[in-house]
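Chain naming here is simple, since letters A, B, ... match the order of the sequence lines and numbering starts at 1 in each.
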Amino acid sequence: MEILYVFAGIFVSLGAFFLLAGSIGLLRLPDFYTRAHAQGKADTLGMMLIIFGLFLTQGFTINGAKLLIIIAFIGLTSPVGTNVMLKAAYHCRLIPWFKNDKGNPVNTKQEEEED
Amino acid sequence: MKRIFFIKTAVQFVLLMVVWLLLSGIYDFTHIAMGVLSSTIVVLLHLRLRKYYFHEEEVKEARAKAKHLDPVQLRFGRLVYYVFWLMWQIVIASLQVAAAVLNPKMPIDPALIRFKTKLPNTSAKVILGNSITLTPGTITIEIKDDVFLVHSLMDASFGGILDGSLPGEVAKLYEKKPEQVVGESTIIKSGAEVF
């Protein structure tokens, strides 16, 4: 029993690390599309790891089965939510940020201001 | 053809109801009535989606079965393998993206990738789209007929899509030996070429 709690702690800590990385990415990345990467992805794995850690403390009981179902649920719904947000942004003609991009009106405007 | 639609709707309702009963664990009138109500709402919300996106394929499948041809069917053994394979891919890609985000120089190089695929049906496209989004570093923006539009964070992220390994695994869920799945592809790296 004790050893299971140690493993659960490791999984929850790993999940917390990925959630932290996702949040830092959300603050640091340049535009909507790239921020969706940090928010929607690191979070998916982080949540899955945390819930799997909780599952280890429960074992194969009714509660444990419910936690496994939640993992499957997150795995199926999270990408759909991210996809819908990006599709909306794309249809509103939001131009993504690119590295070394001279043609992007957003980038050119910034360069003019810097001069 | 209406009969197939009706049967599939009934199957869907029964499955939802079974999940409800398993999860609730309380079998009195109020709780079961709430289960019936919510299952009905879900089926009604889903009805139009199935009518316009999946019904044609359901009909096609039933016709193939009637003629004793091999219908395109999901192979469940392969699905189990695929889920674990995908989880491993997610872990690798997550570490890549986390490293890039935490790196002070932030070596990201976003790109849009448009590529054509040869997949047997709508479900396969949904699975591929969701898998791409689930793998960190790549997000499906749009699926129009057979053409996927994907946003990727780094050059390392979209390698697995364009060399056909991820789409290939999805195709293998339905066919034993799929042909070349990924068709012509373009990589967009400037704002002027996006729309």
Checklist line | Residue pair B:S152 / B:T138, side-chain donor-acceptor N/O under 3.5 Å | finding: no
Just give me the residue among [options] that pairs up with chain A most often, heavy atom to heavy atom, under 4.5 Å.
{"options": "B:V126, B:I90, B:I108", "answer": "B:I108"}
{"options": "B:L95, B:T135, B:L23", "answer": "B:L23"}
{"options": "B:V19, B:V91, B:L134", "answer": "B:L134"}

Side chain, backbone, both or neither of [X] within contact of chain B (heavy atoms, under 4.5 Å):
{"X": "A:L45", "result": "side chain"}
{"X": "A:A36", "result": "both"}
{"X": "A:T34", "result": "both"}
{"X": "A:L26", "result": "neither"}

Side-chain touch [X]/[Y], heavy atoms, less than 4.5 angstrom:
{"X": "A:F18", "Y": "A:M47", "result": "no"}
{"X": "A:K66", "Y": "A:Q58", "result": "no"}
{"X": "B:K116", "Y": "B:V147", "result": "yes"}
{"X": "B:I132", "Y": "B:N130", "result": "no"}
{"X": "B:I141", "Y": "A:Y33", "result": "yes"}
{"X": "A:F11", "Y": "A:I50", "result": "no"}

Check: Pick from A:I69, A:L86, A:V84: which one has the most heavy-atom pairs with chain B under 4.5 Å?
Finding: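 Counting heavy-atom pairs under 4.5 Å, the top option is A:L86.
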Item checked: Side chain, backbone, both or neither of B:P104 within contact of chain A (heavy atoms, under 4.5 Å) ->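 Just the backbone, heavy atoms under 4.5 Å.
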Next item on the list: Would you mind checking which part of B:L86 comes under 4.5 Å of any heavy atom in chain A, side chain (CB onward), backbone (N, CA, C, O), both or neither?
Entry: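 No part of B:L86 comes within 4.5 Å of chain A.
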